[in-house]
Student: 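Sharing a structure here in structure tokens format.
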Amino acid sequence: MKHILPIVLFFSLQCIHAQVFEVETIKNFNGDEKRINLVILSEGYQASELEQFKTDAINFTNAMFNQSPFKEYANYFNVHIIKVPSNESGADHPGTATNVTEPASPIRNVDTYFNATYDSFGNHRLIYYEIDGFSANNTQAKIMNVLATNFPTYDQAMILVNSSEYGGSGGLFPMTYTGFWGPRVMIHELGHSLFNLKDEYYAGDILAAEAINMTQDDNPSTVKWKNWLGSNNVGIYQYTCVTGNCADWYKPHQNCIMESIEKPFCSVCKEGMVEKIHSLVSPIDSYTPISNSINNPTFPIDFQLDLIHPIPNTLESTWTLNTVEFATNVDAISLLDTDLNTGMNTLTVAVTDATVLLRVDNHESFHVSTVTWSIDNSSLGIDDITSETNDFSISLYPNPSNDVITIKVENTLNTDLKVDLISLEGKKIKTIIISNYETQNIDISYLSQGIYIANFYANNVLIAYKKVVKN
Ligand SMILES: [Zn+2]
């Protein structure tokens, strides 16, 4: 995965002297290019303590990938550490918190690289990289500079603070301490930073907003997690009211790590996380043959996918040769000369994830990745094989609907999609063509109640289908 650095950072690179530190990879699955790259920075570790930092980072990584849905999607992530030495150990504790009787722990002021501090914004357990907004901006630029110099293609960076006293923070660069709950604090904070999840305790009006796991909609027929209601203890729970407008907001669960760090992620949070992982990484790691890589191929010709398998594997694949289904749920096929027409042939494989962590029928979007080979077959043999990949994000909502459904398509190759809406008896009701980034509405108000199927075709190949419920 390539992380696009903001322009401001390139500017600041010219101004700030860049320091090079030792970078180590502690979790690697087949290179960084097609993975979500997590980077852990050390803070408050002296040079002599950097091996301990590595041990702490490995402990965190193990805890993270023991936790669903990181566990199932472990192959989608790599983890790297940047060993940034500090002059002194630990983090500052100025004793200025207003939510405890200070000093809640000994007052100290230590010289550390990112100046991590307890008592930020008056909260004893809030470790931040400076105590207030203004100087934090300077430290944030320093963190970005370290990343740009040492691991510019990071997707998410986080900071491990060498302190045994409970604390942490979310935001752009989440932080945690090294004590017992440290890994779980960081997993919670990653829920915010990487997946845009909200706290499922009430964190104040300023942080209240519509999100994957937070809403003001308490209607069971329209709430965004309606697919999960009644399963795995998902419901529509009013936030426990402590302050402000908390009574206006609802959460999906009462035992989610976004509320209490000793709990797992709830089903609604997991679904949002899996969707984000799909939006960042295609499950197709590589494939063969790539364009023009075969000279004078002889039959049978092998076509092979290297997929990034979830654990257990939930990927499904459909192979289509010249618009006819050829094979399903295999990573490789072979073609004989008798399989091919004379002239141009098209072989497409479409890969989707059928994980039960997603209940996408009512959900906004789903992802399909394809490889298409064009095989030029003359009477003298194969002249040429070319190939291309495409990643589709398709949205269909609301579902169920009683009047209009909206369909949106995004894909990397700018391909038009044809959508056929058909009845369960196979009768075609409507065909529309949607171009890339286009949104179209389909009127279904005149249809009788029941289940319909939307078939999605790219270049006349069926790449996905979705159930549509008319009510
Ligand atoms: Zn949750």
Side-chain angles (χ1 to χ4, degrees), residues 36 38 60 63-74 76-77 156 158 168-171 174 176 181-280 310 314 353 355-366:
I36 300 169
L38 304 179
F60 159 69
M64 177 177 169
F65 290 102
N66 258 322
Q67 179 76 51
S68 179
F70 294 114
K71 191 176 183 171
E72 291 86 345
Y73 290 87
Y76 286 66
F77 291 85
Q156 177 68 55
M158 47 208 153
S169 62
T176 193
W181 293 107
R184 300 202 59 80
V185 169
M186 184 64 95
I187 292 166
H188 169 102
E189 301 301 354
L190 269 183
H192 294 304
S193 304
L194 188 53
F195 300 103
N196 303 318
L197 301 175
K198 289 289 185 182
D199 285 315
E200 294 183 25
Y201 60 86
Y202 199 71
D205 290 350
I206 200 165
L207 292 171
E210 289 292 330
I212 290 162
N213 62 336
M214 187 173 196
T215 188
Q216 290 190 310
D217 180 9
D218 65 344
N219 181 341
S221 61
T222 55
V223 69
K224 59 185 91 179
W225 53 78
K226 60 182 184 288
N227 261 4
W228 290 98
L229 290 178
S231 300
N232 305 340
N233 297 315
V234 172
I236 304 172
Y237 301 100
Q238 195 172 40
Y239 272 79
T240 307
C241 211
V242 283
T243 172
N245 299 320
C246 42
D248 295 343
W249 292 95
Y250 299 88
K251 59 187 180 180
H253 213 271
Q254 292 177 304
N255 285 295
C256 177
I257 190 173
M258 296 315 291
E259 178 166 4
S260 317
I261 58 163
E262 71 276 19
K263 308 289 190 195
F265 285 102
C266 74
S267 299
V268 172
C269 289
K270 281 189 204 176
E271 179 174 78
M273 294 165 79
V274 174
E275 291 234 351
K276 179 71 188 277
I277 292 168
H278 283 322
S279 74
L280 290 171
T314 46
D353 187 350
T355 175
V356 294
L357 298 178
L358 296 177
R359 289 189 177 175
V360 290
D361 272 3
N362 293 4
H363 205 73
E364 269 226 356
S365 64
F366 60 105

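As the structure lists them, so they are numbered: ligands from 1, and atoms in each ligand from 1. Only heavy atoms go into these numbers, but all of them, side chains included; no hydrogens, no water, no symmetry mates.
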Student: Would you call Lys270-Glu72 a salt bridge at under 4.0 Å N-O?
Tutor: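 Salt bridge flag = no for Glu72 with Lys270.
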Student: Judged by modelled atom types alone, do Glu271 and Trp225 share a side-chain donor-acceptor pair under 3.5 Å?
Tutor: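 Per modelled atom types, Glu271 and Trp225 side chains form no pair under 3.5 Å.
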Student: Between Ser231 and Arg359, is any side-chain donor less than 3.5 angstrom from a side-chain acceptor?
Tutor: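 Note: Ser231 and Arg359 side chains meet the donor-acceptor criterion.
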Student: How are the rings of Phe70 and Phe77 set to each other: parallel, tilted or perpendicular (split at 30° and 60°)?
Tutor: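 If you compare the ring of Phe70 with that of Phe77, the planes turn out perpendicular.
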Student: Rounded to the nearest 0.5 Å, how far apart are CD of Glu200 and OG1 of Thr240?
Tutor: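 These two atoms lie 11.0 Å from each other.
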Student: Would you check if there is a donor-acceptor pair between the side chains of Asn233 and Gln254 at a distance under 3.5 Å?
Tutor: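 No - no donor-acceptor pair under 3.5 Å links their side chains.
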Student: Tally of protein N/O/S atoms under 2.8 Å from the Zn ion (ligand 1)?
Tutor: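 Under the 2.8 Å cut-off, the count stands at 4.
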